Trainee: 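My questions will all concern the structure given below.
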Amino acid sequence: MRISRVMVWLSAVFSMSAVSSEWPTDLAVSPSAVNMTLQPKVVVNSGRLEWAPFKRDLTRWPSLSHADKQPTPKPRKVMLEEPLNGDPIRGRELALAREKGYCIVCHELPGEAWPGTVGARVLNFKQHNYSNELVFQQIFDSRAFNPNSVMPPYGTFGILNEQEIRDLVAYLQSLD
Amino acid sequence: MKLPQILLTLFFSACWVGVAQAVDAPYREYDQMEDYLPHVKGDMRLSGSYRHWKDPANLDWRMAGSPEDNWKLNWKFMDPPFNASVHGGHFALDRGESIFKELNKKGRFAACLGARKGSLKGLRARYPMYRPELKHVAGMEEMIEHCGAKEGRVLQNGSYDNSAISVYVASHSNGMPININVTSSGPLKASYERGRKLFHTRAGRFNLACSSCHTKQIGLNLRGTVVTTPYGDAAHFPVYRTRYQLQSLQLRFAECNLDARTQPLLPSSRAYTDLEVFITALTNGYPVSVPSERD
Amino acid sequence: MAEAMKIRADLSGTVAKVKCLINHPMETGLRKDKAGQVIPAHYITQVNAMLNGVVVLDGQVGSGISKNPFLVFWVQGTKPGDKIQVSWFDNMGDKNSAETQIA
């Protein structure tokens with residue numbers, strides 16, 4: 001009986017790995033690469049295309065492949081528990097960090113050159129008098145307000161954790 | 001011994017049913033579908049920048065030199081004949097010519113690519129097209145890989161030699177407008193429709209579709225770069241770029257995907273071919289111009 | 001034998017703008033390959049330009065130039081039909097040249 005339980009447990013592990021390795025065959029991935037994801041590398045005067053490991057694992061999110069069965073995380077409504085406890089200085093660092101928020105790509109922030117112009121203006125953000133809860137939800141998952149929003153759902157997609165979003169809210173609410 | 005086996009079978013079947021159900025309809029989000037005209041002049045309805053770049057030989061020098069205005073030329077000022085510079089694309093052209101002539105000694109290679117009576121003239125302007133021998137729609141680079149393999153030469157889609165041959169073949173169509181028919185029903189139209197849907201499919205770590213930026217945000221800044229129109233983009237590929245030496249259109253898609261933090265696909269994948277058909281259809285009526293460069 | 005080079009000359013008035021692209025690895029001799037071995041220096045040391053057989057440019061160049069060097073220069077007192085020839089020599093004794101007619 002004990003053996004059978006072990007076998008069932010093993011089979012569970014096996015079938016799970018079978019599910020997770022069920023990538024579509026046309027993804028540029030390699031299980032042996034550091035982060036699974038590969039990027040193409042053109043070699044001059046060669047008939048072969050080389051692939052190098054990419055700096056980030058992108059297989060956790062859906063791709064454009066027709067065979068990709070990975071679902072997009074659905075919009076999520078979140079409640080913010082006061083007090084905010086955010087650090088505005090850390091928030092600014094996150095807003096400018098490439099691997100974190102990188103808000104500057106779309107939004108203009110004070111004191112930083114070459115801002116994007118796609119996003120809404122967040123200069124003098126405090127004057128709008130938005131509630132902390134609304135700003136938190138907008139960063140966590142803006143699709144809750146507008147299904148057509150192009151702002152990435154930072155919380156739902158796991159790009160920023162809750163404390164990091166709290167820091168960002170604190171930073172935005174400090175812009176007057 | 002019987003019980004565990006039964007349990008195992010039960011467990012596996014339960015797993016597969018569970019997977020199959022989840023597999024059927026993964027949740028996806030789509031941008032609002034635009035109404036596209038499969039011709040380059042459709043840009044007049046989208047961004048209106050077409051009037052600045054519709055004549056490739058007579059672009060406005062002042063606009064090309066102005067950082068505020070050069071996006072309105074859709075980077076066409078880096079295409080020949082306006083750009084008379086020599087660059088790495090010319091080396092690729094020579095390389096492509098030598099490999100092509102080596103492979104095409106008996107004329108089989110050109111015939112395999114779809115040349116009429118051995119002439120490459122206008123061939124690039126008709127691609128991507130449905131290839132009966134592959135039983136699906138194929139881009140020029142996929143056909144070069146396929147036909148190269150028949151002649152016993154490895155020419156992987158996206159590799160330098162493959163793209164170099166593609167540049168050489170395209171150079172025979174220089175100045176001829178791209179002309180693929182996606183309006184009458186057939187495999188090409190089906191591929192175009194799939195590509196149009198993919199263009200609006202949200203994907204990746206940032207939940208962005210191609211259309212999230214390239215329809216509504218044209219002319220706006222993303223940090224230091226300006227978003228341009230999807231119209232008229234396929235005529236100069238494969239293109240010489242300083243970072244990539246030579247980049248085919250499908251490798252460009254992979255780069256777009258990586259920049260937007262989406263898992264890239266392999267060249268020749270169905271999804272990229274469908275996107276290539278869609279993007280090429282939006283270039284219908286614009287002349288092929290190779291070898292070109294981009295930064 | 002060195003690989004092909006590209007040359008183009010455009011005339012405006014009596015001044016010809018000559019653009020020349022050389023296919024060359026331009027190794028400085030300071031780089032190492034994956035195995036840790038030093039890649040031997042291999043770079044162009046001299047670039048010459050001749051207008052109808054007369055030297056108009058004599059350039060001493062070194063390892064500080066990038067791979068596949070792109071060279072642009074202007075030649076005064078030219079007319080359509082003049083022949084311009086650019087040639088280079090490197091530290092390994094390799095050389096190449098290309099010729100074009102000014103149009």
Side-chain angles (χ1 to χ4, degrees), chain A residues 1 3-5 7-8 11-12 15-16 18-19 22 24-29 36-50 54 56 58-74 104-106 114-118 143 147-148 150 152-153 156-157 159, chain B residues 3-4 7-8 11-12 15 19 22-23 26-29 31-32 95 148 153-163 194 198 201-208 212-213 216-217 220-224 227 244-247 251 254-255 257-258 261-267 269-272 275:
Chain A
M1 201 55 208
I3 295 169
S4 72
R5 212 179 290 160
M7 280 186 77
V8 168
S11 75
S15 54
M16 267 169 75
V19 170
E22 229 189 82
T25 49
D26 52 2
L27 295 194
V29 292
M36 294 288 284
T37 301
L38 299 176
Q39 58 179 338
K41 209 175 150 204
V42 175
V43 183
V44 174
N45 294 348
S46 159
R48 290 179 195 277
L49 181 66
E50 287 194 8
F54 190 60
R56 179 177 287 284
L58 298 171
T59 51
R60 282 171 51 203
W61 298 281
S63 70
L64 287 180
S65 169
H66 290 310
D68 202 326
K69 305 298 183 204
Q70 194 163 206
T72 303
K74 287 188 176 164
I104 190 75
V105 169
C106 295
W114 288 110
T117 51
V118 167
R143 297 173 295 172
N148 294 323
V150 292
T156 314
F157 277 53
I159 305 166
Chain B
L3 186 65
L7 274 175
L8 261 177
F11 192 83
F12 266 119
C15 268
V19 170
V23 153
Y27 175 69
R28 278 280 182 286
E29 291 178 351
D31 278 353
Q32 213 173 358
R95 172 92 182 159
R153 179 151 185 153
V154 179
L155 293 167
Q156 289 179 346
N157 189 347
S159 68
Y160 186 89
D161 284 356
N162 184 316
S163 302
R194 284 194 301 271
L198 278 176
T201 306
R202 297 285 190 100
R205 186 172 180 249
F206 291 153
N207 204 29
L208 291 173
S212 300
C213 295
K216 302 241 163 47
Q217 327 279 9
L220 298 177
N221 274 63
L222 287 171
R223 202 72 159 127
V227 185
Y244 301 87
Q245 296 301 321
L246 204 56
Q247 196 177 38
L251 276 199
E255 193 200 339
N257 272 172
L258 284 166
R261 298 292 185 263
T262 302
Q263 170 62 44
L265 311 180
L266 298 171
S269 61
R270 291 304 93 215
Y272 276 180
L275 264 181

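What you see is a predicted model, and the numbers here were worked out from it, not measured in a lab. Reminder, nothing fancy here: chain letters follow the sequence lines and each chain counts from 1.
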Trainee: Once you round to the nearest 0.5 Å, how far does CZ of F157(A) lie from CG of N207(B)?
Mentor: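 The distance works out to 3.5 Å.
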Trainee: Taking the side chain as every heavy atom from C-beta outward, state whether V42(A) and L251(B) have any atom pair closer than 4.5 Å.
Mentor: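 In short, these two side chains touch, coming nearer than 4.5 Å.
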Trainee: Side chain, backbone, both or neither: which part of R95(B) has a heavy atom under 4.5 Å from chain A?
Mentor: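 R95(B) touches chain A through side-chain heavy atoms alone.
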Trainee: Using heavy-atom distances under 4.5 Å, tell me whether V43(A) contacts chain B through its side chain, its backbone, both, or neither.
Mentor: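 Interface part for V43(A): backbone (N, CA, C, O).
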Trainee: May I ask you to name which of G116(A), P73(A), A28(A) has the most heavy-atom pairs under 4.5 Å with chain B?
Mentor: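 Option with the top pair count is A28(A).
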Trainee: Please identify, among C106(A), P115(A), P40(A), the residue contributing the most non-hydrogen atom pairs under 4.5 Å to chain B.
Mentor: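 Highest number of heavy-atom pairs under 4.5 Å: P115(A).
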Trainee: Give, as side chain, backbone, both or neither, the part of R56(A) having an atom under 4.5 angstrom from any heavy atom of chain B.
Mentor: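 Contact with chain B involves the side chain of R56(A) alone.
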Trainee: How far apart are the closest heavy atoms of N257(B) and L64(A), and which atoms are they?
Mentor: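 In terms of heavy atoms, the two residues are closest at ND2-CD1, 3.9 Å.
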Trainee: Does any non-hydrogen side-chain atom of E29(B) lie less than 4.5 Å from one of R143(A)?
Mentor: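 Yes, side chains in contact.
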Trainee: Select, from S65(A), P62(A), P24(A), the one with the greatest count of heavy-atom pairs under 4.5 Å involving chain B.
Mentor: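 The candidate making the most pairs under 4.5 Å is P62(A).
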Trainee: Need one label for S46(A): side chain, backbone, both or neither, based on atoms under 4.5 Å from any heavy atom in chain B.
Mentor: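 Only the backbone of S46(A) comes within 4.5 Å of chain B.
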Trainee: Check whether any side-chain heavy atom of N45(A) sits under 4.5 Å from a side-chain heavy atom of Y160(B), and report yes or no.
Mentor: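 The answer is yes; the side chains approach within 4.5 Å.
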Trainee: Whether the side chain of S159(B) engages the backbone of L49(A) through a donor-acceptor N/O pair (distance < 3.5 Å, no angle test) should be reported.
Mentor: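 Between the backbone of L49(A) and the side chain of S159(B) there is no qualifying donor-acceptor contact (under 3.5 Å).
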Trainee: Do T37(A) and Q263(B) get their side chains close enough for a donor-acceptor pair, meaning under 3.5 Å?
Mentor: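 Looking only at side-chain atoms, Q263(B) and T37(A) do form a donor-acceptor pair, the distance falling under 3.5 Å.
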Trainee: Measure the spacing between CZ of R28(B) and OG1 of T72(A) and express it to the nearest 0.5 Å.
Mentor: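 Reported to 0.5 Å precision, the distance equals 4.5 Å.
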Trainee: Quick one: what part of N157(B) sits under 4.5 Å from any heavy atom of chain A, side chain, backbone, both or neither?
Mentor: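 Interface part for N157(B): backbone (N, CA, C, O).
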Trainee: Between T156(A) and chain B, which part of the residue has a heavy atom less than 4.5 Å away: side chain, backbone, both or neither?
Mentor: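 Neither; nothing under 4.5 Å.
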Trainee: What part of R60(A) lies closer than 4.5 angstrom to a heavy atom of chain B: side chain, backbone, both or neither?
Mentor: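 The answer is neither part of R60(A).
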Trainee: Rounded to the nearest 0.5 Å, what's the gap from CZ on R48(A) to CD on Q156(B)? Could you check?
Mentor: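 R48(A) atom CZ to Q156(B) atom CD measures 5.5 Å (nearest 0.5 Å).
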Trainee: Tell me, do F206(B) and I159(A) make a side-chain contact under 4.5 Å, heavy atoms counted?
Mentor: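 A side-chain contact exists here, since the closest heavy-atom pair is under 4.5 Å.
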Trainee: Report the distance from atom CG of D26(A) to atom CG of L265(B), rounding to the nearest 0.5 Å.
Mentor: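 Going from CG on D26(A) over to CG on L265(B), the span is 5.0 Å.
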Trainee: Could you check whether any side-chain heavy atom of N221(B) comes within less than 4.5 Å of a side-chain heavy atom of V118(A), counting everything from C-beta outward?
Mentor: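 Heavy-atom side-chain distance check fails, nothing below 4.5 Å.
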